[in-house]
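These numbers were taken from a predicted model, which means no experiment stands behind them. Just so we're on the same page: letters track the sequence lines, and every chain starts at 1.
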Protein chains: 2
Amino acid sequence: MTEQVIAGTDLSRLRELNSLTVVRALRDQPPTTVTELASVTGLSRPAVDVIAQGLVSSGWATVVEPGGSSTVGRPARRYRFRATAGHVIGVDVGGHKILVLLADLDGNVVHTARRSVAADADPASRLAALDEILAACLRDAGKTASDIWAVTVGVTGPVDASGKTTLFTPLPGWQTVDLATHLSDRFTCPVIVENDCKLAALAERWRGTARDANDIVFLLAGMRMGAGLIIDGVLRRGFGGAAGEIGALKAVKWLTAPSHLQRCPGVPPTVGPDDAAAWVFNAARDGNRDARTAVNRYVKDVAIGTAALVLALDPQVVVFGGGFSRSADLVLEPLHRELRKLVLRMPEVRASTLGADSVALGALRLALNEVDQRLFSVGLSAPVAPRR
Amino acid sequence: MTEQVIAGTDLSRLRELNSLTVVRALRDQPPTTVTELASVTGLSRPAVDVIAQGLVSSGWATVVEPGGSSTVGRPARRYRFRATAGHVIGVDVGGHKILVLLADLDGNVVHTARRSVAADADPASRLAALDEILAACLRDAGKTASDIWAVTVGVTGPVDASGKTTLFTPLPGWQTVDLATHLSDRFTCPVIVENDCKLAALAERWRGTARDANDIVFLLAGMRMGAGLIIDGVLRRGFGGAAGEIGALKAVKWLTAPSHLQRCPGVPPTVGPDDAAAWVFNAARDGNRDARTAVNRYVKDVAIGTAALVLALDPQVVVFGGGFSRSADLVLEPLHRELRKLVLRMPEVRASTLGADSVALGALRLALNEVDQRLFSVGLSAPVAPRR
DNA sequence: CAAATATTGCTATGGAGTTTACAAAGTACG
DNA sequence: CGTACTTTGTAAACTCCATAGCAATATTTG
């Protein structure tokens, strides 16, 4: 049982609650009339009227004066959530690239900045590249750091509560990097660092293939396998931020799974190690026997770790994402078949639809969650960038 | 992101919310004065006064007139939550026994009934025994079925949303039993059927060794291995009720783990298969070499499945419970050692303190949760047994 | 016995939402 | 083109809830 806050409510808090209710009803909606809001919220029309005007004067909403009216009766004034009152940033710091998304409070991406980074870049130069691209993104979007309400950065490896990746990370030298502190010098708003698999899982539920599901196992499949878990609609971090790291168990074959692709016979020597997998998938699609065998072995190994997660959590959906999701057409069917042999209750298996942007999108979503949480706990004053 | 209910609040709902706040403050507390309640809830003293009197007149609270006062000033009237306004029942239907606990709304057990059942009893006779013991428990406690606000029954095997164990259960013939419907004929209140491991996990967090933790992996260790998961303080059922069934994965050695104990060389033929494990644990404690080896092999196998759960969920605590938890002194140290080799972040490992009652206790807790949920969503009218 | 302290009961005040009523601004139709 | 109808916007009256402040009461302490 969750510990409930024991706190009484007075009338000003009542107004605040109802204002938040109206804001919720307004968000992610086309401009809405007072009557519609009244029926959605269950409040009376005059009450909503007062609240809506209050939201306009405090800056949370804007008025849309009636244009060409289409129905009978007096045309209604409409109210719209002012999503541009604040902005958030989501970043994906990957091995090869850094991707920055800047979005408004409705999650509409207003600017994108991408830049490639050498896979073996040392932490200092990677951080420098991050600083540069962040500055460029802000500049090009016509914003300053103080316009940003929350920043989330996705990195590989489990992230602890302080935002560090001390347990393990494939980025060279990254164990000692304190990314959260580094960015806190550049932003006054909350800065969150989170594991890339977890963020991609969030994205898949927000705008991807699992929008309908509350219990999701997300697989980030690439040269490294990872997983992100959403349980009861909430991203699961684990007590130390290491949830979903089933790949560390040797009995589960995730560590070695991608090597079936890399070591597949027949890969031309001209193809680098990073592109071997793509070559094998293409060859398998063309009917190459060795390639098909390699893919099947790969899927068999992936299925074992996936089965462990499915048995542990009994999700509604398993989403196959990450770099290899471009080859989901080859993977999904055998993955489904292998999984069926191993689990008690078979979940749906779907392919990711978001591709390479999923981590940065998930970072956006987490930043928006942070903003929402403040909004709905602290209350509605004037819309300004929150400080830590 | 959880979907929030969009509903406005008017003044009567405000009063209801504040009444619930006072009830929450009153529960699990010694009798409390109005002034104390006012400071805890943040409401004004007159407001609390009115609310408290309302609770008394509706039957949710009782007045304790001031007795010998210990402080200066006028002695204050005190209010107490009327836990006896309703009662709940928690049942453990095990292979060998049925245990029934009857408790008030504070979870105080007011009556216990236990009865052994043959392990190979057919479903009909097991259900008959259940009916009998339930009737006897109600009679001896001086209650009728209509006094009961919620009933929860724990059974082995994964339980789906409708309360059936269709996927798998070790109880003979139990696949086709519809326990929820069976009991619904005997009670008008909500009836919940749930997996025994999950219930034991709840109990351990409520009154056991994991009261401080919000992220728990509970192991029900006996001749069958099972697990119950509490994540973010909430019991995790999984989409189809099959969460925690990691034992079904062969790569994880839970199915065969107990056989190391049963097949240990040196077990006297006079010892039956059900008591072999106890004999081996005792022998190991006395220094028997074969027995120690058997225990170590057992623990090694248990550790693999546990590691899978720990890696998947990254819990704060692993609780070793179930029948074998009596031998936790032999298991805990090697389990800790083996686990440390396999996981990324080491959780605490603790032994269960509840013993054989844990499943029935957890059933009580779930029944109380059901009552609470109704209370805090439907609102406070007069305290009467809820109907489905 | 009086002073100090704390609780209880009562009244006035103000804030928030609802209901009711009515004017204003459109459309539909003869 | 004018009337009937529909819906919106706004104001006033009313109800309900919590608060603040004050008087009355009960008990301890010196």
Side-chain angles (χ1 to χ4, degrees), chain A residues 6-23 25-26 30-58 61-80 379-380, chain B residues 6-23 25 30-58 61 63-80 379-380:
Chain A
I6 296 176
T9 311
D10 68 351
L11 288 166
S12 64
R13 178 74 186 144
L14 180 63
R15 162 56 67 92
E16 201 162 71
L17 288 172
N18 284 340
S19 293
L20 287 169
T21 300
V22 172
V23 167
L26 233 37
T32 314
T33 70
V34 171
T35 308
E36 287 162 1
L37 286 172
S39 90
V40 167
T41 60
L43 295 167
S44 68
R45 207 155 49 84
V48 174
D49 198 73
V50 172
I51 289 169
Q53 286 174 21
L55 289 175
V56 170
S57 70
S58 69
T62 52
V63 178
V64 181
E65 288 301 341
S69 58
S70 52
T71 68
V72 300
R74 176 173 172 171
R77 192 156 45 212
R78 289 172 180 274
Y79 292 89
R80 187 213 307 266
L380 288 162
Chain B
I6 295 176
T9 310
D10 68 349
L11 289 163
S12 65
R13 178 74 185 143
L14 179 64
R15 160 57 67 92
E16 203 161 70
L17 288 173
N18 284 340
S19 293
L20 286 169
T21 301
V22 172
V23 168
T32 313
T33 69
V34 171
T35 308
E36 286 164 1
L37 286 173
S39 88
V40 168
T41 60
L43 294 168
S44 70
R45 207 168 45 74
V48 175
D49 198 72
V50 171
I51 290 169
Q53 284 174 23
L55 290 175
V56 170
S57 70
S58 68
V63 177
V64 182
E65 288 301 339
S69 56
S70 51
T71 67
V72 299
R74 176 173 173 172
R77 193 162 35 217
R78 287 172 181 274
Y79 292 89
R80 187 213 307 266
L380 287 163

Q: Using side chain to side chain donor-acceptor pair (under 3.5 Å) as the criterion, list what pairs up with B/Ser12, not counting sequence neighbours.
A: B/Asp10
Q. In chain order, what residues pass the salt bridge (Lys or Arg N to Asp or Glu O under 4.0 Å) check against B/Arg80, with sequence neighbours excluded?
A. none
Q. With B/Arg45, which residues qualify under side chain to side chain donor-acceptor pair (under 3.5 Å), at least two apart?
A. none
Q: List for me each residue that meets salt bridge (Lys or Arg N to Asp or Glu O under 4.0 Å) alongside B/Arg78, sequence neighbours excluded, and say none if there are none.
A: B/Glu36
Q | Which atom of A/Ala25 lies closest to which atom of A/Leu37, heavy atoms considered | A | CB-CD2, 3.8 Å
Q | Separation of C/dT7 P from B/Leu37 CG (nearest whole Å) | A | 12 Å
Q. Between A/Leu11 and A/Arg15, is any pair of side-chain heavy atoms under 4.5 Å apart?
A. no
Q. Taking atom C1' of D/dA18 as reference, at what distance in whole Å does atom CD1 of B/Ile51 sit?
A. 9 Å
Q: Assign a letter to each nucleotide of nucleotides 5-14 of chain D from its 5' end: B, base within under 4.0 Å of a protein heavy atom; S, sugar-phosphate only; -, no contact.
A: -BBBBBB---
Q. Does B/Pro30 offer a backbone N or O that forms a donor-acceptor pair with the side chain of B/Thr32 under 3.5 Å?
A. yes
Q: Can you tell me the distance, in whole Å, between the CD atom of A/Glu16 and the P atom of C/dG17?
A: 12 Å
Q | Exercise: identify the closest heavy-atom pair between A/Tyr79 and A/Val34 | A | CE1-CG2, 3.5 Å
Please write out the pairs of protein N or O atoms and N or O atoms of nucleotides 13-16 of chain C separated by less than 3.5 Å, giving the distance to one decimal.
none

